[in-house]
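Since the structure comes first, as structure tokens, the remarks are kept for the end.
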Amino acid sequence: MNISEKYGKSYFLPPVDCYDWVKKDTITNPPVWCSVDLRDGNQALIEPMSLEQKLVFFKMLVDIGFKEIEVGFPAASDTEYQFMRALIERNMIPDDVTVQVLTQAREHIIKKTFEAVKGAPHAIIHLYNSTSVAQREQVFKKSKEEVKTIAVEGAKLLLDLANETEGNFSFEYSPESFPGTEVDYALDVCNAVLDVWKPSKENKAIINIPTTVQIAMPHVFASQVEYFHKNLKYRDGVLISIHPHNDRGCGISDAELGCLAGADRVEGTLFGNGERTGNVDIVTLAENMLTHGVDPKLDFTNIMEIRHTYEELTGMKVHERTPYAGDLVFTAFSGSHQDAISKGMAWRQEGKSGERWTVPYLPIDPKDLGREYESDVIRINSQSGKGGVAFVLRQNYGLTIPMLMREELGYLVKGVSDERHAELTPQDIFDIFESNYIKPRKHFDVVSSSFTPEGEEEMFVRMVITQDGNEKKISGEGNGRLDAVANAIKEYFNVTYTLKVYEEHAVSIGSSSKAATYVGIEHEGKMYWGVGIRQDIIKSSVSALVSAVNKIM
């Protein structure tokens with residue numbers, strides 16, 4: 001038997017075509033966000049969070065900007081129950097935040113839930129029961145009408161207990177295992193629940209469409225959501241919510257297409273935590289909207305701090321390639337990518353890109369997430385190129401390497417990384433740069449130099465040099481100071497070369513301002529480079545020339 005024969009289509013299309021969502025190219029407004037980290041996310045942990053850990057996590061969610069937070073399943077455990085009570089009794093729920101609790105459509109569980117939320121300033125009671133073909137046949141062994149009755153009776157009990165319990169309550173219903181449910185039947189159940197609650201524009205209810213196990217492609221899910229959007233009763237009084245899981249790796253796609261199809265609200269978690277393959281990652285969804293110019297109304301400008309707290313409280317780890325928050329998601333090792341990023345950043349620094357962010361390979365400015373160009377964007381290994389090396393030296397040490405010098409430097413750095421079989425740190429790269437271009441002094445060095453003008457353009461130089469441990473005096477003249485020094489060195493050492501490149505710029509390394517000079521000289525058809533970094537521009541220029549000539553010798 002071919003293994004694929006075990007499987008087949010198990011999802012249901014709407015009874016009519018629903019493809020209006022295809023005509024939309026982007027989400028123009030953020031949905032209502034509901035974090036389910038403290039319920040769905042917490043129940044998926046090997047070691048669920050303690051009450052105090054959940055309180056810390058709750059505060060973080062509030063600080064991020066969540067206005068709706070599902071805090072638990074109070075009837076499931078004492079910790080869940082006590083957490084709900086702690087939030088109420090310690091007055092920890094801000095006025096603009098609504099907490100949400102989950103309950104099965106079973107009488108004793110619903111009653112326990114209302115005990116937990118007594119006195120809540122505003123709480124959503126989230127009712128669910130399973131509606132899929134598989135659950136009806138295999139688990140409950142009940143007919144469609146019997147399963148619908150479970151939902152309706154649960155809805156009635158919510159209404160009765162809300163009227164009897166101190167607090168302010170709203171209602172939510174989920175046809176759990178929706179992906180395996182006939183779409184028109186799921187709609188029928190939801191409408192029957194709404195007939196009990198009779199929501200209005202002023203007193204809205206929530207119908208949540210959970211992708212309990214993701215079994216259909218995202219475009220199918222979007223069509224299902226659109227069918228609900230067009231056929232749900234009391235539409236003006238209902239928020240359509242979606243709750244995507246990630247079994248097929250399509251949680252983000254389901255959520256984005258679901259919003260295009262008419263969903264008003266999204267339930268998910270930070271970094272996609274949740275049962276099995278997890279819930280939809282709200283961080284990714286929110287930042288995706290930001291890259292399209294839509295304010296998601298959630299604050300992830302300190303993403304690494306949020307990630308650290310999340311990892312500490314849950315024991316989970318955010319993968320290096322997780323969008324926006326992973327260690328390597330903004331990092332380019334490839335030489336061509338580094339070169340494009342480096343040029344894009346230079347283009348932006350020159351003011352040519354205006355207000356919009358258009359840097360190649362970076363869909364979002366890392367600094368908008370509190371991340372650093374120096375440590376996050378370009379890192380160097382044996383796959384890296386000249387542009388990346390130049391970027392690292394500019395960002396970390398303020399050095400702008402001449403274009404003609406970058407290729408040689410790039411190969412030097414690649415060679416060291418290849419030999420070590422390791423990534424190089426910015427300090428490693430500077431050490432290579434320094435040892436090859438600043439420090440070469442094996443044959444001679446200039447101790448001092450003094451200049452005397454001769455005529456309008458000519459300059460005479462007297463120099464003290466060290467050679468083989470001995471000091472010697474030499475002199476020369478030329479068209480300017482550096483030309484005079486060059487001629488003195490040529491005459492004394494009987495060496496020929498031509499000055500081809502001279503560049504200089506101010507640089508600040510540490511607390512003192514210095515000048516960096518780059519000299520490229522040609523000898524017998526080959527370029528030799530030297531660099532000087534000194535507080536005095538003349539000394540910097542002479543130092544650069546000395547390094548270059550030492551390399552010839």
For a side chain to side chain contact (heavy atoms under 4.5 Å, CB included) check, start with the C-alpha distance between Leu270 and Phe57, then their side-chain angles and the critical distance, and finish with the verdict. CA-CA 11 Å; Leu270 301 183; Phe57 206 116; 4.1 Å; yes
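- Distance CG/Asn231 to CG/Leu187: 6.0 Å, rounded to 0.5 Å.
- Counting non-hydrogen atoms of neighbouring residues, nucleotides and ligands closer than 6.0 angstrom, the CH2 atom of Trp347 reaches no more than 12 such neighbours.
- Atom CD of Glu5 has more than 12 neighbouring heavy atoms from other residues, nucleotides or ligands inside a 6.0 Å radius.
- Identified under the salt bridge (charged side-chain N to carboxylate O under 4.0 Å, His left out) test for residues 114-124, with sequence neighbours left out: none.
- Residues that satisfy the side-chain contact (heavy atoms from CB on, under 4.5 Å) test with Lys9, not counting sequence neighbours, are Tyr11, Leu13.
- Among Asp365, Ile364, Val329, the one residue that satisfies the side chain to side chain contact (heavy atoms under 4.5 Å, CB included) test with Arg371 is Val329.
- With sequence neighbours excluded, no residue forms a side-chain hydrogen bond (donor to acceptor under 3.5 Å, both in side chains) with Ser253.
- Under the 4.0 Å criterion applied to side-chain N and carboxylate O atoms, Arg136 and Glu146 are not assigned as salt-bridge partners.
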In sequence, state the C-alpha distance, the side-chain angles, and the governing distance for Asp428 and Thr425, and then conclude on side chain to side chain donor-acceptor pair (under 3.5 Å). CA-CA 5 Å; Asp428 291 332; Thr425 66; 3.1 Å; yes
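- The two atoms that bring Pro199 and Leu194 nearest to each other are CD-O, 3.5 Å, heavy atoms only.
- In terms of the side-chain contact (heavy atoms from CB on, under 4.5 Å) criterion, residue partners of Phe12 (sequence neighbours excluded) are, by chain and number, Val133, Glu182, Val183.
- For Arg248, the side-chain contact (heavy atoms from CB on, under 4.5 Å) partners at least two apart in sequence or on another chain are Gln214, Met217, Pro218, Cys250.
- With rounding to the nearest 0.5 Å, the separation of CG in Leu298 from CD1 in Ile282 is 7.0 Å.
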Determine all donor-acceptor pairs shorter than 3.5 Å in which one atom belongs to a side chain in residues 63-71; sequence neighbours excluded.
{"from": "Asp63", "atom 1": "OD2", "to": "Lys59", "atom 2": "NZ", "distance (Å)": "3.1"}
{"from": "Lys67", "atom 1": "NZ", "to": "Asp96", "atom 2": "OD2", "distance (Å)": "2.6"}
{"from": "Glu68", "atom 1": "OE1", "to": "Arg265", "atom 2": "NE", "distance (Å)": "2.7"}
{"from": "Glu68", "atom 1": "OE1", "to": "Arg265", "atom 2": "NH2", "distance (Å)": "2.8"}
{"from": "Glu70", "atom 1": "OE1", "to": "Arg39", "atom 2": "NE", "distance (Å)": "2.7"}
{"from": "Glu70", "atom 1": "OE1", "to": "Arg39", "atom 2": "NH2", "distance (Å)": "3.1"}
{"from": "Glu70", "atom 1": "OE2", "to": "Gln100", "atom 2": "NE2", "distance (Å)": "2.5"}
{"from": "Glu70", "atom 1": "OE2", "to": "His126", "atom 2": "ND1", "distance (Å)": "3.0"}

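- In terms of the ring-ring contact (aromatic ring centres under 6.0 Å, His included) criterion, Tyr173 has no residue partners (sequence neighbours excluded).
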Table please: side-chain donor-acceptor pairs of residues 23-32 below 3.5 Å, with sequence neighbours left out.
{"from": "Lys24", "atom 1": "NZ", "to": "Leu260", "atom 2": "O", "distance (Å)": "2.9"}
{"from": "Thr26", "atom 1": "OG1", "to": "His292", "atom 2": "ND1", "distance (Å)": "2.7"}

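- Qualifying side-chain contact (heavy atoms from CB on, under 4.5 Å) partners for Pro121, counting only residues two or more places apart in sequence or in other chains: Ile93.
- Here CG of Leu239 is found 5.5 Å from CD1 of Ile206. Values are rounded to the nearest 0.5 Å.
- Judged by distance alone, the side chains of Tyr227 and Asp184 never bring a donor and an acceptor atom under 3.5 Å apart.
- The 12-atom threshold is not exceeded at CG of Asp95, counting heavy atoms of other residues, nucleotides or ligands nearer than 6.0 Å.
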Assess whether side chain to side chain contact (heavy atoms under 4.5 Å, CB included) is satisfied between Lys54 and Glu80, documenting all intermediate values. CA-CA 9 Å; Lys54 292 186 77 172; Glu80 300 279 284; 2.7 Å; yes
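- Of all the heavy atoms in Gly41 and Asn273, the pair that sits closest is O-ND2, 3.1 Å.
- Residue pairs meeting the salt bridge (charged side-chain N to carboxylate O under 4.0 Å, His left out) criterion with at least one partner in residues 204-233, sequence neighbours excluded, are Asp20-Lys230, Asp195-Lys233, Glu226-Lys230.
- Atom CE of Met49 is separated from atom CG of Leu313 by 6.5 Å, given to the nearest 0.5 angstrom.
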Give the intermediate values and the outcome of side chain to side chain contact (heavy atoms under 4.5 Å, CB included) for residues Asn208 and Phe178. CA-CA 10 Å; Asn208 187 52; Phe178 170 83; over 6 Å; no
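- Side-chain atoms of Thr277 and His245 include no donor-acceptor pair closer than 3.5 Å.
- Rounded to the nearest 0.5 angstrom, Leu257 CG and His219 NE2 are separated by 10.0 Å.
- In this structure, the side-chain hydrogen bond (donor to acceptor under 3.5 Å, both in side chains) partners of Asp299, at least two apart in sequence or on a different chain, are Thr301.
- Look at Asp327 and Arg307 and you find a salt bridge, because one of the NZ, NE, NH1 or NH2 atoms lies within 4.0 Å of a carboxylate O, short of that distance.
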Could you list the donor-acceptor pairs under 3.5 angstrom formed by side chains in residues 149-156, with sequence neighbours left out?
{"from": "Thr149", "atom 1": "OG1", "to": "Glu145", "atom 2": "O", "distance (Å)": "2.8"}

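- In terms of heavy atoms, Pro74 sits closest to Tyr81 at O-CB, 3.5 Å.
- Salt bridge status for Glu137 with Lys142: absent, with no side-chain N to carboxylate O gap under 4.0 Å.
- Note that CZ of Phe300 is 11.0 Å distant from CG of Leu290, once rounded to the nearest 0.5 Å.
- Aromatic ring centroids of Phe271 and Tyr310 lie under 6.0 Å apart.
- Neither side chain, Asn203 nor Ser200, offers a donor N or O lying under 3.5 Å from an acceptor on the other.
- Of the options Asn91, Thr98, Val97, a side chain to side chain contact (heavy atoms under 4.5 Å, CB included) to Pro94 is made by Val97 and by none of the others.
- Contact check for Pro210 versus Pro175: side-chain heavy atoms found under the 4.5 Å cut-off.
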Working for side chain to side chain contact (heavy atoms under 4.5 Å, CB included), residues Leu158 and Phe169: CA-CA 9 Å; Leu158 254 63; Phe169 306 110; over 6 Å; no
